[in-house]
Amino acid sequence: MNDLFAKYKESITLSYQYAFRLLLHLKNVISASQQIIPPGNELLKEVYRDSIVKKYEILEDQLWKLLSKIFKASGLELNSPRACYRQAFIEGWIEQIDIWDDILSSRNATAHVYNEDDYEKMMQKIVNEYVYQLEALLQKIKEEVIDNDVWN
């Protein structure tokens, strides 16, 4: 197994670093949106909302692909987000699989939301629920894979 990890070490490390930067960008946009939008400025509110949703889409996509690389390095061929999240749950990296089903459903729905209220609700879920879960999973990956001595 160590030979496989060694083969994928650089790719996994770079993917983790990219996902972590995406998380930081998402959190920065959320923070900025909560601080600088003057009341009544609907255009600016919409710009921030769209930015939050788009950054979430990209982060979620990068995160499941990172998981796929990690599991491939351990000998598992998982090529879908749902399979990767289920395996992360089995590994103990995810505590509540139900919220990850919701995260995936929301990610898949982002391209098909045409109602402003639904889009706003999705953005609120991202801010209030999903960011914490994404960050917790990245922390687990850091502890279990990146900082762990699995590469030797």
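We number each residue from 1, following the sequence as shown.
Note on residues 104-113: pairs passing salt bridge (charged side-chain N to carboxylate O under 4.0 Å, His left out), not counting sequence neighbours, are E60-R107. Here ring pair (Phe, Tyr, Trp, His ring centres under 6.0 Å) pairs that include residues 47-86, with residues two or more places apart or in two chains, are Y56-Y130, F71-W93, Y85-W100. Listed by first then second residue, pairs satisfying ring pair (Phe, Tyr, Trp, His ring centres under 6.0 Å) with a partner in residues 21-44 number zero, not counting sequence neighbours. Counting only residues at least two apart or in different chains, salt bridge (charged side-chain N to carboxylate O under 4.0 Å, His left out) contacts with residues 34-43 are absent.
At most 12 heavy atoms of other shown residues, nucleotides or ligands fall within 6.0 angstrom of atom OH in Y18. By the 6.0 Å contact criterion, CD on E46 is enclosed, its count of non-hydrogen atoms from other residues, nucleotides or ligands being greater than 12.
For D102, the salt bridge (charged side-chain N to carboxylate O under 4.0 Å, His left out) criterion is met by K125, not counting sequence neighbours. Residues that satisfy the salt bridge (charged side-chain N to carboxylate O under 4.0 Å, His left out) test with D61, not counting sequence neighbours, are K65. For E77, the side chain to side chain contact (heavy atoms under 4.5 Å, CB included) test picks out K72, N79, with sequence neighbours left out. Contacts of N128 classified as side chain to side chain contact (heavy atoms under 4.5 Å, CB included), with partners at least two apart in sequence or in another chain: Q124. Partners of E120 under the salt bridge (charged side-chain N to carboxylate O under 4.0 Å, His left out) rule, at least two apart in sequence or in another chain, are R49. Partners of R82 according to the side chain to side chain contact (heavy atoms under 4.5 Å, CB included) rule, which considers only residues two or more places apart in sequence or in another chain, are S80, R86, D101, L104. For K54, the salt bridge (charged side-chain N to carboxylate O under 4.0 Å, His left out) test picks out E57, with sequence neighbours left out.
The minimum heavy-atom distance linking S11 with K69 is given by the pair OG-NZ, 3.0 Å.
If you check the side chains of T13 and Q17, you find no donor sitting under 3.5 Å from an acceptor.
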Donor-acceptor pairs under 3.5 angstrom involving side-chain atoms of residues 131-141: please list them, not counting sequence neighbours.
from : atom 1 : to   : atom 2 : distance (Å)
E135 : OE1    : K27  : NZ     : 3.2
E135 : OE2    : K27  : NZ     : 2.9
Q139 : NE2    : E143 : OE2    : 3.0

